[in-house]
Amino acid sequence: AQKITQTQPGMFVQEKEAVTLDCTYDTSDQSYGLFWYKQPSSGEMIFLIYQGSYDEQNATEGRYSLNFQKARKSANLVISASQLGDSAMYFCAMREGRSNFGNEKLTFGTGTRLTIIP
Amino acid sequence: GAVVSQHPSRVICKSGTSVKIECRSLDFQATTMFWYRQFPKKSLMLMATSNEGSKATYEQGVEKDKFLINHASLTLSTLTVTSAHPEDSSFYICSAQGESRNEQFFGPGTRLTVL
């Protein structure tokens, strides 16, 4: 079974509108972390936002917020007031709890290609 | 955020040769680095976890004798693709774990083309 599922392969959004990118996850661990990364055409992975499984508040970073619904195992990324520069691939990733420090590997979803239309 | 560099950014080599890719954490020490591989328009697949001073941990299906990883210092990990074949052509990205478990910073990637 997929550990991270992103069901939207591509999205087109009008500039200045808000956009929600979906991400659901599957884990039996109680302690885990959820990440969102942006990958522009240059290929670099840009960290956007992090949500810990024990965090009671939804994470926010500027125009990015994470709609964390633990019972539904979803961690959707919300981008407010979208800009042309937001056009990129967006990946959701999960770090599952491990007892050994140093094994903090991430499992990535298949990504969503977001295109902002002027 | 912290800076991670990769060198080279792009490399073209002939079949049968070996290629070394460097991953450096520039302004922090990273006891753990990760190597990922990404095919065009696909997700990142973890290849191995590199721990400073110990052997790397490889993911299932990744040939450790083909993809040699050396984490010689707290700021440098190298990935050597040995006896490269055209099917090894891909985008290789490293990441370094920051001081917090919640931080993982990525390098800009290396595009390998094997002719």
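Atoms considered below: every heavy atom in the structure, side chains included; atoms not considered: hydrogens, waters and symmetry mates. Labels below follow one simple rule: chain letters A, B, ... track the order of the sequence lines, proteins then strands, and each chain is numbered from 1.
Between B/Lys42 and A/Phe91, the shortest heavy-atom distance links the atoms O-CZ, 3.9 Å. Of all non-hydrogen atoms in A/Tyr37 and B/Gln104, the two that sit nearest each other are OH-O, 2.8 Å.
Cluster annotation: B/Ile21 is connected to B/Tyr58 through the hydrophobic network of ILVMFWY side chains, with a link wherever side-chain heavy atoms come within less than 4.5 Å. Both B/Phe106 and B/Phe91 belong to a single network of hydrophobic side chains, linked directly or stepwise wherever heavy atoms of I, L, V, M, F, W or Y lie under 4.5 Å apart. Linking ILVMFWY residues whenever their side-chain heavy atoms come closer than 4.5 Å, directly or via other members, leaves B/Met33 and B/Leu74 in distinct clusters. In this structure, A/Tyr32 is a member of the same hydrophobic cluster as A/Ile4, with clusters built from ILVMFWY side-chain heavy atoms closer than 4.5 Å.
Taking a 6.0 Å sphere around CE of B/Met45, one finds it holds 12 or fewer heavy atoms contributed by other residues, nucleotides or ligands. A/Lys70 NZ: more than 12 foreign heavy atoms inside a 6.0 Å radius. With a 6.0 Å radius and a threshold of 12 heavy atoms from other residues, nucleotides or ligands, A/Gln30 has its CD atom at or below the threshold. Sparse packing is recorded around NZ of B/Lys20, with 12 or fewer heavy atoms of other residues, nucleotides or ligands lying under 6.0 Å away. The environment of CD in A/Gln57 is sparse: at most 12 heavy-atom neighbours from other residues, nucleotides or ligands sit within 6.0 Å.
For B/Ile93, the part lying under 4.5 angstrom from a heavy atom of chain A is the side chain only. Using a 4.5 Å cut-off between heavy atoms, B/Gln6 makes no contact with chain A at all. Neither the backbone nor the side chain of A/Gln6 comes within contact range of chain B, judged by heavy atoms closer than 4.5 Å.
B/Thr57 places none of its side-chain heavy atoms less than 4.5 Å from the side chain of A/Lys105.
Residues of residues 106-118 of chain A placed with any heavy atom under 4.5 Å of a heavy atom in chain B are listed by number as A/Leu106, A/Phe108, A/Gly109, A/Thr110.
Taking CE from A/Met45 and CD from B/Gln38, the interatomic distance works out to 7.0 Å, rounded to the nearest 0.5 Å.
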